[in-house]
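Taking it in order: structure first as structure tokens, then the write-up.
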Protein chains: 2
Amino acid sequence: MAERIEGLRLPRTQRRQQILAAAAQAFAETGFHGTSLADVATRVGVSQPGLLHHYPNKQALILAVLEERDEVQTHYLDELFRGQDPSVVDWLTALCARNVEQPELVRLYTVTAAESLDPAHPAHEYFQNRYQRIRGVIARRIVLDQEKGRFAPTVDPEGLASELIALMDGLQLQWLMQPPVDMCRLLEASLQRLAAGPDGAVGAVRQGGARRDG
Amino acid sequence: MAERIEGLRLPRTQRRQQILAAAAQAFAETGFHGTSLADVATRVGVSQPGLLHHYPNKQALILAVLEERDEVQTHYLDELFRGQDPSVVDWLTALCARNVEQPELVRLYTVTAAESLDPAHPAHEYFQNRYQRIRGVIARRIVLDQEKGRFAPTVDPEGLASELIALMDGLQLQWLMQPPVDMCRLLEASLQRLAAGPDGAVGAVRQGGARRDG
DNA sequence: GTCTATAAATCGATAGAC
DNA sequence: GTCTATCGATTTATAGAC
């Protein structure tokens with residue numbers, strides 16, 4: 001029944017953890033502007049000033065949510081491929097498989113990323129940095145793939161990274177909108193097409209992308 | 001300097017047109033929840049109750065904006081390809097070229113589509129319908145392409161339609177976020193890869209997709 | 001068609017008691 | 001660490017004059 005017990009005093013870190021979870025839900029559902037501090041406070045089972053005791057204002061709250069989720073996600077992927085050197089295709093496939101288990105997290109990023117296009121949005125700079133960072137991570141992975149002959153050397157890593165991120169973002173939107181859309185199956189179809197095409201493994205060999213190795 | 005002339009009386013349709021333009025700007029910048037009627041009214045140069053005289057409430061306003069922009073866009077594409085039968089590739093390329101000239105319109109759809117994931121959002125049903133409709137339009141175009149041997153018959157039209165829409169949506173987001181991202185160039189790269197791959201024109205012939213014709 | 005005035009609710013944030 | 005009380009600003013929407 002999870003009744004609210006007013007005035008119950010919790011240790012700082014535990015309460016902050018509760019708040020982050022509740023805020024993540026709320027912001028995922030209605031975005032930054034559509035969510036009130038009272039919304040979040042009610043979910044936690046605390047008063048609205050009680051909420052502001054832990055995070056000084058609304059902006060600090062949403063930034064804390066985004067950054068905490070980032071850390072968890074990054075840590076997960078680092079652990080999953082520890083000591084390995086996955087191809088972009090494997091890496092993105094794993095990411096998608098992970099995302100499909102966390103629709104709320106995906107929605108948080110889909111909703112707030114679009115909202116943050118406004119330069120006055122509290123997470124504007126955050127998403128500017130986030131996209132550049134992710135593009136870099138994926139581009140580097142593509143370069144490694146090229147060195148192994150998995151892609152033609154003519155492929156532009158930054159460009160392909162943008163395309164792959166775009167594909168994932170767009171599929172996530174449709175998946176959230178109409179869950180029967182099977183985003184990981186569609187991603188895989190695209191990735192296979194990529195690997196089998198003129199810029200992929202087969203094409204790369206044909207075009208000389210793997211000559212260094214042989 | 002376009003000063004506001006208070007109390008100036010305009011014909012109904014003209015004022016409504018002004019309002020739609022101003023509202024489109026505002027909603028594109030800050031979404032539905034982030035935009036106040038006073039925002040829009042100020043842009044038009046009218047009082048807030050004066051605005052509500054033309055559209056009874058905020059929900060009616062945003063729906064009017066979305067539907068009007070839809071009509072204009074649909075009409076443009078219909079005219080552009082009147083009497084022709086463009087391939088999906090040509091059709092999407094033209095659409096992207098059009099979009100790149102209208103960042104504000106793209107932003108309106110990017111921002112409100114994500115926001116509308118909330119079932120309580122005023123445009124929730126609108127976007128549910130919009131995505132199904134667009135997917136259908138593109139899927140039908142893919143079927144026509146298959147009949148002409150431009151794609152392998154093994155390709156799932158609905159699935160490929162979802163992928164292409166996803167790619168465009170995602171590229172638009174990155175383009176809006178970091179304008180140096182050249183969304184039409186990246187789209188073209190993807191489309192060429194598609195046409196040159198095992199499911200595209202070449203592959204389709206190899207796999208028998210064009211045998212009916214020859 | 002447009003305005004002023006205003007109702008009624010909600011918002012983010014602060015002050016201060018316990 | 002949490003609460004009640006409250007301020008001040010903002011929000012959507014309505015009433016009624018011109």
Side-chain angles (χ1 to χ4, degrees), chain A residues 2-23 26-27 29-65 112 115-116 118 120-124, chain B residues 2-23 25-27 29-65 112 115 118 120-124:
Chain A
E3 281 184 21
R4 172 173 173 195
I5 304 154
E6 310 214 5
L8 175 62
R9 197 186 176 93
L10 283 192
R12 179 175 173 81
T13 48
Q14 184 174 343
R15 185 63 95 190
R16 284 173 66 102
Q17 208 55 38
Q18 284 185 338
I19 291 174
L20 285 187
F27 288 134
E29 289 172 14
T30 46
F32 179 77
H33 292 303
T35 301
S36 70
L37 294 174
D39 279 359
V40 180
T42 302
R43 288 177 198 247
V44 178
V46 82
S47 72
Q48 183 251 13
L51 174 67
L52 283 179
H53 170 74
H54 295 277
Y55 295 93
N57 53 47
K58 207 179 166 188
Q59 163 154 1
L61 180 58
I62 194 173
L63 287 181
V65 167
T112 53
E115 205 179 20
S116 82
D118 179 11
H121 191 281
H124 181 72
Chain B
E3 283 184 18
R4 172 174 174 196
I5 304 156
E6 310 214 5
L8 174 62
R9 197 187 177 94
L10 284 193
R12 180 176 173 80
T13 48
Q14 184 174 343
R15 185 63 94 191
R16 285 172 66 103
Q17 208 55 39
Q18 283 185 338
I19 291 173
L20 285 187
Q25 276 191 12
F27 287 134
E29 289 172 14
T30 46
F32 178 77
H33 292 302
T35 301
S36 71
L37 293 175
D39 280 359
V40 180
T42 302
R43 287 177 198 247
V44 178
V46 83
S47 72
Q48 182 252 12
L51 175 67
L52 283 178
H53 170 74
H54 294 278
Y55 294 93
N57 53 47
K58 207 181 165 187
Q59 163 154 2
L61 180 58
I62 194 175
L63 287 180
V65 167
T112 53
E115 205 179 20
D118 179 11
H121 191 281
H124 181 72

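Lettering of chains follows the sequences in order, A, B, ..., and the numbering in each one begins at 1. Just so we're clear, the structure is a prediction, and the values are computed from it rather than from any experiment.
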Legend entry - salt bridge (Lys or Arg N to Asp or Glu O under 4.0 Å) contacts in which one or both residues fall within residues 47-58 of chain B, not counting sequence neighbours: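 Pairs touching residues 47-58 of chain B that pass the test: none.
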Results of side-chain contact (heavy atoms from CB on, under 4.5 Å) for [X] - residues two or more places apart only:
X: A/A38; answer: A/S36
X: B/L52; answer: B/L37, B/Q48
X: A/R43; answer: A/A22, A/Q25, A/A26, A/E29
X: A/T112; answer: A/I62, A/L66, A/L108, A/E115, A/F127

What is the distance, rounded to the nearest whole Å, between atom [atom1] of [X] and atom [atom2] of [N]?
X: A/R9; N: D/dG1; atom1: CZ; atom2: P; result: 6 Å
X: A/L8; N: D/dC3; atom1: CG; atom2: P; result: 9 Å
X: A/L10; N: D/dC3; atom1: CG; atom2: C1'; result: 14 Å
X: B/L51; N: D/dT11; atom1: CG; atom2: P; result: 13 Å
X: A/Q17; N: D/dG1; atom1: CD; atom2: C1'; result: 17 Å

Show the distances under 3.5 angstrom between N or O atoms of the protein and N or O atoms of nucleotides 12-15 of chain D.
| residue | atom | partner | partner atom | Å |
| --- | --- | --- | --- | --- |
| D/dT12 | OP1 | B/T35 | O | 3.4 |
| D/dT12 | OP1 | B/K58 | NZ | 3.1 |
| D/dT12 | OP2 | B/L37 | N | 3.0 |
| D/dA13 | OP2 | B/K58 | N | 3.2 |
| D/dA13 | N7 | B/Q48 | OE1 | 3.4 |
| D/dA13 | N7 | B/Q48 | NE2 | 2.9 |
| D/dA13 | N6 | B/Q48 | OE1 | 3.2 |

Legend entry - Whether B/F32 and B/F27 hold their rings parallel, tilted or perpendicular, with breakpoints at 30° and 60°: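 Ring orientation, 0 to 90° scale: parallel.
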Legend entry - Closest to the A/S47 side chain, choosing from D/dC3, C/dT2, D/dG1: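 For A/S47, the side-chain atoms sit closest to D/dC3.
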Inset, instruction - May I ask you to verify if any side-chain N or O of B/R15 is less than 4.0 angstrom from the OP1 or OP2 atom of C/dT2? - result: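 Answer yes for this pair, as a side-chain N or O of B/R15 is under 4.0 Å from OP1 or OP2.
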Inset, instruction - Verify the contact: side-chain N or O of B/H53 to OP1 or OP2 of C/dG1, cut-off strictly under 4.0 Å; return yes or no. - result: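 Checking B/H53 against C/dG1: at least one side-chain N or O falls below 4.0 Å of OP1 or OP2.
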